[in-house]
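Chain naming here is simple, since letters A, B, ... match the order of the sequence lines and numbering starts at 1 in each.
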Amino acid sequence: MGNAGMGGPGTQQYGEVNQLGGVFVNGRPLPNAVRLRIVELAQLGIRPCDISRQLRVSHGCVSKILARYHETGSILPGAIGGSKPRVTTPKVVSYIKQLKAKDPGIFAWEIRDRLLADGVCDKYNVPSVSSISRILRNKLGGGALYPVPPLYPVPPQRCWPLHQPYDYYVYLQGRQHAAAPPHALPHHPHQPPPSHAHAHAL
DNA sequence: TTCGTTACGGTTGAC
DNA sequence: CGGTCAACCGTAACG
């Protein structure tokens, strides 16, 4: 991994320098400001190869971001990390919440029994007691259920709900979130997808 | 020369 | 609380 960095301890983000002289953090998405710029330049009619040189971002990356923008209308990177819920699907979570709401004192094991008894799950996909406890802790303690406040047209996402918007960082120009407003972008041929309706299509 | 694709080394985060 | 592991990342290189 080698961080070509050695920047200052403290404030600066670390990064490596690519063949074009651009800074990037291996394994992490480019900052939104850059992603947005790529799309803006393309819309201005600049060729991808020129965008690549101008912003010092590999052409493969420019190609990917542009392609994704064209098919989803979003400049955002995909949702990274996490793991697919094997049993705690949105439907199940929703059911658990209802049970808990009706009887706040209910035990996790009782919920488990209800899921089976009510036919919401079968014995092969019923969540473990600890999974249920975690759901109770996370989803109920924290806040609303899978909320979606998309700043931009829906970011590409997996088919299971992954709520956080993407905590981007800014390491270029000590700017404030250069997260330029969505309206900075001319309208996309694609319809800005209405909120992410089918998040649970799986 | 341009650009689509992908191996690679890397990080993340729900389970 | 900490490990697992499949999802995504951008670069570099090939064609």
Side-chain angles (χ1 to χ4, degrees), chain A residues 1-5 13-39 41-42 45-72 74-94 96-97 108 111-112 115 121 124-148 152 154-172 196 199-202:
Chain A
M1 59 204 111
N3 265 340
Q13 265 286 346
Y14 285 70
E16 305 178 48
V17 177
N18 64 23
Q19 293 175 332
L20 297 163
V23 175
F24 70 99
V25 177
N26 197 3
R28 300 301 296 147
L30 285 175
N32 279 351
V34 176
R35 313 178 78 86
L36 184 58
R37 193 74 190 125
I38 288 171
V39 172
L41 292 179
I46 313 285
R47 295 139 79 221
C49 59
D50 291 327
I51 294 174
S52 170
R53 283 187 284 257
Q54 206 171 135
L55 300 183
R56 297 168 185 260
V57 168
S58 68
H59 89 260
C61 183
V62 169
S63 175
K64 180 174 167 181
I65 289 173
L66 250 22
R68 175 173 294 171
Y69 176 70
H70 287 136
E71 70 183 56
T72 69
S74 174
I75 64 161
L76 297 178
I80 300 171
S83 55
K84 180 179 172 180
R86 289 191 297 256
V87 292
T88 61
T89 60
K91 185 180 76 173
V92 173
V93 171
S94 194
I96 291 172
K97 290 180 67 172
I111 290 178
R112 201 178 111 105
L115 289 171
C121 299
Y124 297 107
N125 67 4
V126 66
S128 63
V129 170
S130 58
S131 284
I132 294 173
S133 297
R134 183 163 17 76
I135 291 168
L136 260 23
R137 217 184 320 122
N138 297 344
K139 312 272 181 170
L140 262 31
L145 55 170
Y146 40 109
V148 207
Y152 300 92
V154 264
Q157 21 181 247
R158 285 197 290 282
C159 43
W160 64 90
L162 223 179
H163 26 304
Q164 95 292 83
Y166 171 55
D167 181 43
Y168 58 88
Y169 53 94
V170 178
Y171 62 79
L172 291 180
H196 70 336
H200 45 42
L202 191 127

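Taking side-chain N and O atoms only, A/Arg56 has no distance below 4.0 Å to OP1 or OP2 of C/dG10. Here A/Asn26 does not reach the OP1 or OP2 of B/dG9: none of its side-chain N or O atoms lies under 4.0 Å away. The side chain of A/Lys64 places an N or O atom within less than 4.0 Å of a non-bridging phosphate oxygen (OP1 or OP2) of C/dC9. For the pair A/Ser83 and C/dC5, the criterion of a side-chain N or O lying under 4.0 Å from OP1 or OP2 is not met. Between A/Arg35 and C/dG10 there is a side-chain N or O to OP1 or OP2 distance below 4.0 Å.
To the nearest 0.5 Å, atom CD1 of residue A/Ile65 and atom CZ of residue A/Arg35 are 4.0 Å apart.
Mapping A/Arg53 and A/Ser131 onto DNA chain B by nearest heavy atom places A/Arg53 at the nucleotide closer to the 5' end. Summary of the strand contacts: A/Cys61 and A/Arg47 both lie near DNA chain B, and taking for each the nucleotide with the nearest heavy atom, the more 5' one is attributed to A/Arg47.
Nucleic acid contact class of A/Val62 (heavy atoms, under 4.0 Å, all strands): none. Contact annotation for A/Cys49: backbone-only contact, meaning every heavy-atom pair under 4.0 Å involves sugar-phosphate atoms and none involves a base.
A stacking contact links A/His59 to B/dC3: the aromatic ring centre lies within less than 5.5 Å of the base's six-membered ring centre, and the planes differ by less than 30°.
The partner of C/dC1 is absent, by the rule that a Watson-Crick or G-U pair needs both atom distances under 3.5 Å. When both distances must be under 3.5 Å, the Watson-Crick or G-U wobble mate of C/dT11 is B/dA7.
In this structure, the nucleotide among C/dA12, B/dT1, B/dT12 sitting nearest to the side chain of A/Gln19 is C/dA12. When distances run from any side-chain atom of A/Pro29 to the nucleotides C/dA7, C/dG10, C/dT11, the shortest one goes to C/dG10. Nearest to the side chain of A/Phe24, among B/dT12, C/dG10, B/dC15, sits C/dG10.
For the pair A/Ile96 and A/Leu115, the minimum side-chain heavy-atom distance is below 4.5 Å.
Listed by first and then second residue, the side chain to side chain donor-acceptor pair (under 3.5 Å) pairs that reach into residues 53-62 of chain A are A/Asp50-A/Arg53, sequence neighbours excluded.
Within the 3.5 Å criterion, the main-chain N or O of A/Pro48 finds no donor-acceptor partner in the side chain of A/Ser52.
The CG atom of A/Leu20 sits 14 Å away from the C1' atom of B/dC3 (whole-angstrom rounding).
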